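Here the structure is laid out as structure tokens; the discussion comes afterwards.
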Amino acid sequence: MHLRTRLRHLALTSIALVTAAAALPPATAGADDAGSRDRHPSSGKLSALIRYAEHGVPHIVAKDYANLGFGTGWAQAADQVCTLADGFVTVRGERSRHFGPDAAPDRSLSSASKNLSSDLYFAGVRNAGTVEKLLATPAPAGPSRQIKDSMRGWAAGYNAWLKQNRITDPACKGADWVRPVTALDVARRGFAISVLGGQGRGIDGITAATPPAATPVGEVDPGGAAGAARELFASEHAKSADMGSNAVAFSGKTTANGRGLLLGNPHYPWQGGRRFWQSQQTIPGELNVSGASLLGTTIVSIGFNDKVAWSHTVATGVTLNLHQLTLDPADPTAYLVDGKPERMTRRTVSVPVRGGAPVTRTQWWTRYGPVVTGLGASLPLPWSTTTAYALNDPNAANLRGSDTALGFAKSRSTHGIQETLRRVQGLPWVNTVAADSAGHSFFSQSQVLPRITDDLARRCSTPLGKVTYPASGLAVLDGSRTDCALGSDKDAVQPGIFGPSRMPVLKDVPYVENSNDSAWLTHADRPLTGYERVFGTVATPRSLRTRGAVEDVSAMAERGGLTVGDLQRQQFANRAPAGDLAAADAARACTVLAEDRADLREACAVLERWDRTVNSDSEGALLFDRFWRKLVGSVPPAERWKVPFSPADPVRTPHTLNTDAPGFATALTGAVSELRAAGIALDAPLGKHQFVVRNGERVPVHGGTESLGIWNKIEPVWDAAGGGYTEVTTGSSHIQAVGWDGSRCPVARTLLTYGQSSNPSSPYYSDQTKLYSGERWVTSRFCEKDILRSPDLRVERVRER
């Protein structure tokens, strides 16, 4: 029998066995709560069928959620064992033991600046039993039985891979920190992801908080705090620093066949523990979904099935708030509530440290959350003898993200997506954009947000909150008054958050689009209003990426007759909205400057000839990029344009570059000097100097930075000595273009820009990076007939031993 025939026969036989097993009662091994297995990494004999197709994408079939988790954990370990193991060291609070206290984590699971602060926080979470309590909370407020089973299975699959395979990745080969994990470790990783925008943002300030000494401590400057809060929560800088995304759904009114279309383009880190990983997950008769998961999670989080597709974009909702505490004059570790003192709770945490004695620190907790002395270096919140600040993060009570993903995976329409959001309420910091085969479009900013109404902020903001809330959505409430408590909505699954009836939603319009601005311009002709400030702004300037995206997708919708091919062309159009707005003005002003500066004449001609795109072969894109970065960094938005923003024309304003601004000439001459000093021609093709190196091979990278407004956003690292942009930190990651043609098989094209594996010896280390470089896509194999026809089909039956 030919090898290909044998593989298909094995696959079909195994699927038949799994299907038959799916009819049996669930395994009793999953009866205990996931948290009860902390000392016993796995039990029972779990197994799964994995069929690998092109680019190492696994199609996992199992009889139930525990076995599906097993196959997922196994397959993720095979591709990403070192990255996963590093993350588990983080959530166990053991980074200082293995890597030293002063080294920096990769920031994938928090904003901690050093291993020690990361450890102190996560060890505190562990000591307090925070995640165990969430696991014990009945659904829907807590995780479902299916998700707890999947976490137990994931841990068992990861452990089985470790036991049965040899690690070849040099990042952790032979490392003593690569150890078996438990279901509780998996849940703790999910908790870390949930609190990324809340407690995770304030870890340095939580772990450094100490009662004041006799020496007076300065107070917060409201003006400076407002600017810092705006930078942290609402600025283009915040969007470009770490994560972002684009997503658009077109309704059947705009498409060639009357069915919906979805293009998802999340912008996530290219390295570390917040990478996406692709798979198809199938439980016959129960679940069949394809897409991408964040590493260490058990269910596809962005993806599609045969009826509906969805993606997420990082939302503008501020997922934390502060309570300003009025301290007891006799004791700075007690605070007044309605005039009565209430003592803070001490949490003493000790963490092991490599080469030294354990470090022991005390954290201070209140009814509102932990005392915090800053949200990053730019927003200090000093603990004085009269005042302290407590951080409220409702996502610290939210372990429902995976149940939301599971609900999406099982949905049959955009209505099912909305019902999942209403029922589960588990998304901490993202919007949802969806389309379905019946032609519906859907957008919702359904986040777990502190229930800060504008009225509450008006009544209860402290002087600091009166400036930070309008500027950024960060509320600072008077913690001394019980009438300033957040309250509850009747339709909310947990106290102190907004219920689904308060969320911005838009359905069944020709398109819905989001590029990380607020919900206001989800559809340019149907602006969303009426939501509270904590969700985001209304009638304020949009980023260039939003403006360019709305221009593009509204034109596509107006043109109509859209197909998946149109989505693919939009993804890699690589139009630079900043170039369309400013390059011609810059070239003209450059010509005037060149009358006295002969060294600028070539630059003027290059800017004039540039095609206003950031394709790999675009000549002049690099010069404009370096000029624009310098201009944006030195010239405030209000001085950058001659025609200011108008809420009546938010897509086309502001415009007309102010070349008289003092920073214009400096930015232009600086860019020219920089490129010449680096030996880079002013008209060099972008891809020659914007690339990544994989196993010694240069791979050109197209796309561009946030400030240029590029849909296909990437944030590269400048290294003039190395030849230009030589690595990408974050940007286009798991891209999917999905539609339907009336058959049982969705029409889907995908691309994982950095590939499935971070192991340099893996064949899936850079294969999709090269596809991305060439603007080529992967045809997703969803239906059985297509999976079995894969020329790269490889079948594995994996099991515990």
Side-chain angles (χ1 to χ4, degrees), residues 244-267 276 278 290-292 302-313 414 417 431-443 509-515 522-523 545-546 548-575 577 613-615 702-703 710-714 731-743 745-753 768 771-772 774-782:
S245 300
N246 306 300
V248 60
F250 292 100
S251 78
K253 301 170 186 176
T254 70
T255 64
N257 62 8
R259 303 178 186 278
L261 289 171
L262 178 111
L263 175 59
N265 172 221
H267 304 147
F276 284 111
Q278 293 175 288
S290 186
I302 288 179
F304 58 91
N305 59 35
D306 60 326
K307 296 294 185 182
V308 64
W310 66 95
S311 194
H312 296 300
T313 61
T414 56
I417 297 288
N431 306 303
T432 301
V433 175
D436 66 24
S437 62
H440 299 290
S441 62
F442 175 79
F443 165 87
V509 293
Y511 70 86
V512 290
E513 193 281 336
N514 186 266
S515 292
T522 298
H523 187 287
R545 182 155 56 86
T546 292
V550 172
E551 285 178 333
D552 290 349
V553 303
S554 61
M556 293 169 69
E558 181 71 22
R559 186 171 71 247
L562 301 177
T563 67
V564 168
D566 291 295
L567 304 183
Q568 293 174 268
R569 283 184 284 276
Q570 166 61 18
Q571 177 60 41
F572 294 140
N574 284 334
R575 180 173 76 89
T613 73
V614 286
N615 293 314
H702 47 86
I710 314 298
W711 176 286
N712 178 33
K713 177 183 136 171
I714 54 127
S732 293
S733 54
H734 175 257
I735 309 166
Q736 60 176 21
V738 186
W740 297 267
D741 61 6
S743 72
C745 307
V747 180
R749 305 292 182 265
T750 68
L751 194 59
L752 188 63
T753 56
Q768 292 197 66
L771 292 180
Y772 174 69
E775 301 183 7
R776 301 191 301 275
W777 295 72
V778 177
T779 299
S780 179
R781 297 182 180 274
F782 186 86

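The first residue in the sequence is number 1, and the count goes up from there. Keep in mind it's a predicted model, so treat the numbers as computed, not measured.
- Taking CD1 from Ile302 and CG from Leu262, the interatomic distance works out to 9.5 Å, rounded to the nearest 0.5 Å.
- Rounding to the nearest 0.5 angstrom, the gap separating the CZ atom in Arg545 from the CG atom in Asn712 is 11.0 Å.
- The OG atom of Ser290 sits 11.5 Å away from atom CG of Asp306, with the distance rounded to the nearest 0.5 Å.
- Looking only at side-chain heavy atoms (C-beta outward), Leu263 and Ile735 come within less than 4.5 Å of each other.
- In this structure, the side-chain hydrogen bond (donor to acceptor under 3.5 Å, both in side chains) partners of Thr432, at least two apart in sequence or on a different chain, are His312.
- Proximity of a side-chain donor or acceptor of His702 to a complementary backbone N or O of Gly774 within less than 3.5 Å is not detected.
- With sequence neighbours left out, Thr313 forms a side-chain hydrogen bond (donor to acceptor under 3.5 Å, both in side chains) with Asn431, Asn514.
- In plain terms, the two heavy atoms of Ala435 and Leu261 that are nearest each other are CB-O, 3.3 Å.
- Taking the six-membered ring for Trp and the full ring otherwise, the centers of Trp777 and Phe572 sit less than 6.0 Å from each other.
- Remark: side-chain polar atoms of Gln736 are paired, donor with acceptor, to backbone N or O of Trp310 under 3.5 angstrom.
- Considering CG of Leu562 and OG of Ser251, their distance stands at 9.5 Å, rounded to 0.5 Å.
- Ala438 pairs by the side chain to side chain contact (heavy atoms under 4.5 Å, CB included) definition with Asp436, His440, not counting sequence neighbours.
- With sequence neighbours left out, the ring pair (Phe, Tyr, Trp, His ring centres under 6.0 Å) criterion links Phe250 to no other residue.
- Using a 4.5 Å heavy-atom cutoff, the side chains of Trp740 and Thr255 are not in contact.
- Ala737 and Val564 get closest at one heavy-atom pair: O-CG1, 3.9 Å.
- In this structure, Ser441 and Val509 have side chains that are in contact, with non-hydrogen atoms separated by less than 4.5 Å.
- Here Glu551 contributes atom CD and Trp711 contributes atom CH2; the two are 12.5 Å apart, rounded to the nearest 0.5 Å.
- A distance of 3.5 Å separates CG of Asn265 from NE2 of His267, quoted to the nearest 0.5 Å.
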Intermediate values then yes/no, side-chain contact (heavy atoms from CB on, under 4.5 Å), Tyr772 and Ile714: CA-CA 12 Å; Tyr772 174 69; Ile714 54 127; 3.5 Å; yes
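- Shown here for Asn615 and Ala573, the closest heavy-atom pair between the two residues is OD1-O, 4.2 Å.
- Contact detail for Pro266 and Ser733: the closest heavy-atom pair is O-OG, 2.8 Å.
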Which side-chain N or O atoms in residues 745-753 pair as donor and acceptor under 3.5 Å with protein atoms at least two apart or in another chain?
unit_1: Thr750; atom_1: OG1; unit_2: Gln278; atom_2: NE2; d: 3.4
unit_1: Thr753; atom_1: OG1; unit_2: Ser732; atom_2: O; d: 2.7

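- Ring planes of His734 and Phe276: tilted class, angle from 30 to 60°.
- The shortest distance between side-chain heavy atoms of Val248 and Met556 does not fall below 4.5 Å.
- Phe442 places none of its side-chain heavy atoms less than 4.5 Å from the side chain of Val308.
- Within the structure, the side-chain hydrogen bond (donor to acceptor under 3.5 Å, both in side chains) test picks out the following pairs touching residues 552-564 (sequence neighbours left out): Asp552-Gln570, Asp552-Arg575, Thr563-Asp566.
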